[in-house]
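Report on the following structure.
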Amino acid sequence: MLKPTYEQLIERAALTALELFKATITKKSLKAELRSMYDTFFEAHGRPEGRFHQDNEDFLPVMFFTESQFQRLQAAKKAEYNALRRHHTALRALDAFRPTTKEAA
């Protein structure tokens, strides 16, 4: 198997950076939508007293209302983490690049 060239490693790092950027933007957008859904629900039904926590039964209705959006956000967080991991791998490969004597000539 041929080792990738320096240019290929640069391209890989750039592409993974772009994927990471897109994943981050998607996650932020979904998080804002979830917050908006919380606000909409609380505006219509009132906000229960206490801290918003999954074990607080007063918040179960809002959690049921936003469950699908919450799951999309969780998937986006996982995608962002994976994109970050792939980007770091590409950067490590770029950092470890050692040209052979034929490539350097």
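Quick note: residue numbers are just sequence positions, from 1.
Here His88 contributes atom NE2 and Asp95 contributes atom CG; the two are 12.5 Å apart, rounded to the nearest 0.5 Å. With values rounded to the nearest 0.5 angstrom, Leu94 atom CG is found 12.0 Å from Gln8 atom CD. Rounded to the nearest 0.5 angstrom, Leu15 CG and Ile10 CD1 are separated by 11.5 Å.
Annotation for Glu67: atom CD counts as buried by contact number, over 12 foreign heavy atoms lying within 6.0 Å. The neighbour count for Glu57 CD, taken as heavy atoms of other residues, nucleotides or ligands under 6.0 Å away, does not exceed 12.
Listed here is the closest heavy atom pair of Thr24 and Glu80: OG1-OE2, 2.9 Å. Listed here is the closest heavy atom pair of Thr66 and Met37: CG2-CB, 3.8 Å. Closest approach of Ala93 to Leu9, counting heavy atoms only: O-CD1, 3.8 Å. Pro61 approaches Phe41 most closely through the heavy-atom pair CB-CZ, 3.7 Å. In terms of heavy-atom proximity, Phe97 sits nearest to Thr5 at CE1-C, 4.1 Å. Minimum heavy-atom separation, Ala23 to Ala83: CB-CB, 4.2 Å.
At distances below 3.5 Å, not a single donor-acceptor pair connects side-chain atoms of Ser29 with backbone N or O atoms of Ile25.
Tracing side-chain contacts under 4.5 Å through hydrophobic residues (I, L, V, M, F, W, Y), one never reaches Tyr81 starting from Leu91; they form parts of separate clusters.
Under the 4.5 Å side-chain criterion, counting only non-hydrogen atoms from C-beta, Lys31 is not in contact with Lys28. Under the 4.5 Å side-chain criterion, counting only non-hydrogen atoms from C-beta, Glu33 is in contact with Leu30. Taking 4.5 Å as the limit, some side-chain heavy atom of Phe52 sits within range of a side-chain heavy atom of Met63.
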*asked:* The test is side chain to side chain contact (heavy atoms under 4.5 Å, CB included); show your working for Lys27 and Leu73 and say whether it passes.
replied: CA-CA 6 Å; Lys27 183 197 76 170; Leu73 175 60; 3.9 Å; yes

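By the 30° and 60° cut-offs, the orientation of the rings of Phe42 relative to Phe59 is perpendicular.
In the model, Arg86 has no side-chain atom that pairs as donor or acceptor with a side-chain atom of Thr89 under 3.5 Å.
Of the options His87, Glu11, Arg85, a side chain to side chain donor-acceptor pair (under 3.5 Å) to Thr16 is made by His87 and by none of the others.
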